Amino acid sequence: MGVLEALVTVFTFPTILFLVAGLVIGTVLGAIPGIGGILGMAIILPLTSGMDGLSAIIGLIAIYVGAMYGGAVSAILFNIPGTNAAVTATLDGNPLAKQGKAMYALAISALSSSIGGVVTALLLLVLFPHLVPILNMFGTPQYFLVAVFGLAILPLISRGSQVKSIFAASIGLLTTTIGLAPMTLDIRYYFGVSMLYSGIDFVAILIGLFAITEMAFLAGTERSSIAKRGDGGNDLTRLDVSAVRDAARYVVSRPIALLKSALIGVGIGAVPGAGAAISTFVSYSEAVRSSDDESSFGEGNEAGLLAAEAANNSTANGSLIPVLAFGIPGSSASAIILGGMVLHGIVPGPVLFASSPQLLQTLFISMAVASVLVGVIGIFGITYLSFVTRVDKDVIVPLVIIFSLCGAITLNLNPVDVLTVAVFGVIGYLFRKYEYPVISLLLGAILGQIVETNLFRSLRLGGVEVFFEDWLSIVLIVAILAVLVAPHVRQPTLTSASQEV
Amino acid sequence: MSENTSTPDDPHVDAGHETTVRGFGVENLVEYAMLLAFVGITGGALVIADRYAYPADFFPKITSGIGLVSTLVILARKVRDDWGATARVQPVEINADELFVLGASLGYAVLGVLVGLLWVTPVFVFVYATWRNWSWIRSGVFALLSVGVPLFFTNYLAVDLSRGLVF
């Protein structure tokens, strides 16, 4: 009954409208190199303040899902990934386009993304009731330890040195100490400015880190748009039904590869700080490893494209697990979804699972519906998507900046948010330029209050001993120590693909 | 995204002012300046945190302390890499267009907060468009059209962007 009600909610106006609009917006933004879904979500997040919470979150999820597919469009057509997650799609997608099979490659991409997303969304729908008793085992001390684990794992999966990741995370954590202290009435670091009483909103930080930083890099690129790169002589002005049919036959004839890639996507997506850049790489590597014809990968092997694309939407779904369960984002995009939840008063965590199963069911079903629709939009929108890649960057850059700064003021009606966006745009630029992990900074800014609040609640409960009183805490402490020691034991092999932001 | 993976041995790397590899090239100075700024910020935060009573002082002390130590470690490593006998530092290019966008965004934000984003928006767009060598007329039309964005926020979200802190 609950699932049926959730299904009805998703298909009720205006929810379905926001879902479809989010998919279209995400697909279009994802197809434009330099924009991408994360930036699109960051810009649109403040605009959702006039909407009801559920519709806003569904709209944001739809943008994310759409962008995952959209990012592959320019990757396949022009060898320029619209998003980091689409980098792997260039490896075999673009060679296919160069062989005159662009429509075929785009259809494989759309269908793989779609099926991977549906499978994992339904998997989450089935599994989440079983998570409730597990999540109920998490009290304040365990919640603190999970947040620390989220911070500790960052150096392991983010590119660059461990000390840079620690530095970036500490700066993020420090931003959360501005304003009213969570457990006392002290106002910290406000320098007599009353507008700083409420602190710095992490949503403003993430808008700055993504929108402004990304626009600076886009302005610095030489191309005016990617259209000049050519599209391999493919005719994309009309839908090639036979190519789509061949792609559909190919995709449905490989259920094991689809399932394996989807599970890799959802599994890696659930790890805080990891993202589709890693999962698509791992999924692609697995496709190569399990193939009898390894040499054909990189030359236009459909199996490589299928593996990468089936993993990306699944990663989007998986990244919502730590957000919903603990309020800890698994990726930059899920951090924005978390921002949307906070903006609309939806508090993630174990209580959400126990008290609002209907909301979670609706979210999972909306993810499944979005995944189905992205296949439809992806196939029937192919003829239009190649057009959007021709948008002039000199139009994009100022518009995105205007939307970001005007949108920032809507977060709390506080001018500090506008300045925060601009300042963190500069910081994000410097971090990216000198290879400091931006994701560590962002997660620090998100997790700071969770860490501080739960630390003091735990200490009041029973001092330091409270962290060693049950097996779950011990397991979490061991896990934290393991991820801190791991980089010194063996260099991880996935770091080159791990820069999600 | 805009990674530079060249090494000092890369024949494509310009040894001139654009990609100075070692020592105090402009691009290198920017990173030193950033690190020194964070030394100041984290060090200042640590000192100020001492004024707060427990438990409000605990978390700021921990985070600023870790921030300060890690910044100093990075700074020390950087000095070692830049000036050591076996220094191999990846060159970093800083593009004028990128700096312009950052500077213009900062100026837009500050002026917008002071006098209202509605009035500063067309100015920002006009300056950006002329920087990108658009014609005066085209820049002016784009600037006028851009006012639609803050007007959209004003009408759709009922946020008054015509007023700033000054007037």
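Atoms considered below: every heavy atom in the structure, side chains included; atoms not considered: hydrogens, waters and symmetry mates. So you know, we letter chains A, B, ... as the sequences are listed, proteins then strands, and number each from 1. All figures in this text were calculated on a predicted structure; none of them were measured in a lab.
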task: Examine A/Tyr189 together with B/Tyr52 and report whether their ring centres are nearer than 6.0 Å.
output: yes
- request: Please state whether the side chain, the backbone, both or neither of A/Phe424 comes within less than 4.5 Å of a heavy atom of chain B.
  value: neither
- request: Please flag which part of B/Leu106 lies under 4.5 Å from any non-hydrogen atom of chain A: side chain, backbone, both or neither.
  value: both
- prompt: By a 4.5 Å heavy-atom criterion (distance strictly below it), what part of B/Leu35 contacts chain A: side chain, backbone, both, or neither?
  reply: side chain
message: Taking side chain as everything from C-beta outward and backbone as N, CA, C, O, which of these in B/Phe100 sits under 4.5 Å from a heavy atom of chain A? Side chain, backbone, both or neither.
response: neither
query: Who wins among A/Leu185, A/Val395, A/Asp186, A/Leu47 for the most heavy-atom pairs under 4.5 Å with chain B?
result: A/Leu47
task: May I ask you to say whether A/Glu214 pairs ionically with A/Arg432, meaning some side-chain N is under 4.0 Å from a carboxylate O?
output: yes
Interface moiety of B/Leu161 toward chain A, non-hydrogen atoms closer than 4.5 Å: side chain
message: Working note: A/Tyr434 + B/Tyr32, criterion ring pair (Phe, Tyr, Trp, His ring centres under 6.0 Å); need CA distance, chi angles, decisive distance, verdict.
response: CA-CA 11 Å; A/Tyr434 294 105; B/Tyr32 276 113; 9.6 Å; no
- request: Apply ring pair (Phe, Tyr, Trp, His ring centres under 6.0 Å) to the pair A/Phe456 and B/Phe59, showing each step before the final yes or no.
  value: CA-CA 10 Å; A/Phe456 282 105; B/Phe59 197 65; 7.9 Å; no
field: Heavy-atom contact with chain A under 4.5 Å, split by part of B/Val73
entry: side chain
task: Give the member of B/Val149, B/Ile41, B/Ile66 that has the highest number of heavy-atom pairs under 4.5 Å with chain A.
output: B/Val149
statement: So, the part of B/Ala37 with a heavy atom under 4.5 Å from chain A: the answer is neither
Which of A/Leu455, A/Val397, A/Leu413 touches chain B most, by non-hydrogen pairs under 4.5 Å: A/Val397
statement: Per-residue tally against chain B (heavy atom, under 4.5 Å) across A/Val416, A/Leu405, A/Thr184 peaks at A/Leu405
- prompt: By a 4.5 Å heavy-atom criterion (distance strictly below it), what part of B/Phe126 contacts chain A: side chain, backbone, both, or neither?
  reply: neither
- prompt: If you tally heavy-atom pairs under 4.5 Å against chain B, which of A/Ile171, A/Val418, A/Ile402 wins?
  reply: A/Ile402
- prompt: Is there a donor-acceptor contact under 3.5 Å linking the side chains of A/Ser165 and A/Ser440?
  reply: yes
Between A/Cys406, A/Pro415, A/Pro46, the one whose heavy-atom pairs under 4.5 Å with chain B are most numerous: A/Cys406
query: Between B/Arg51 and B/Asp57, is there a side-chain N and carboxylate O pair less than 4.0 Å apart?
result: no
field: Option in A/Ile166, A/Leu419, A/Thr176, A/Leu459 with maximal non-hydrogen atom pairs under 4.5 Å from chain B
entry: A/Leu419
Charged N-O contact under 4.0 Å between B/Lys78 and B/Glu31: yes
message: Would you call the rings of B/Tyr108 and B/Phe124 parallel, tilted or perpendicular, taking 30° and 60° as the class edges?
response: parallel
Contacting moiety of A/Ala181, where chain B heavy atoms sit under 4.5 Å: side chain
message: So for A/Ser170, is it side chain, backbone, both, or neither that comes closer than 4.5 Å to the heavy atoms of chain B?
response: both
Contact class of B/Leu118 relative to chain A, heavy atoms under 4.5 angstrom: neither
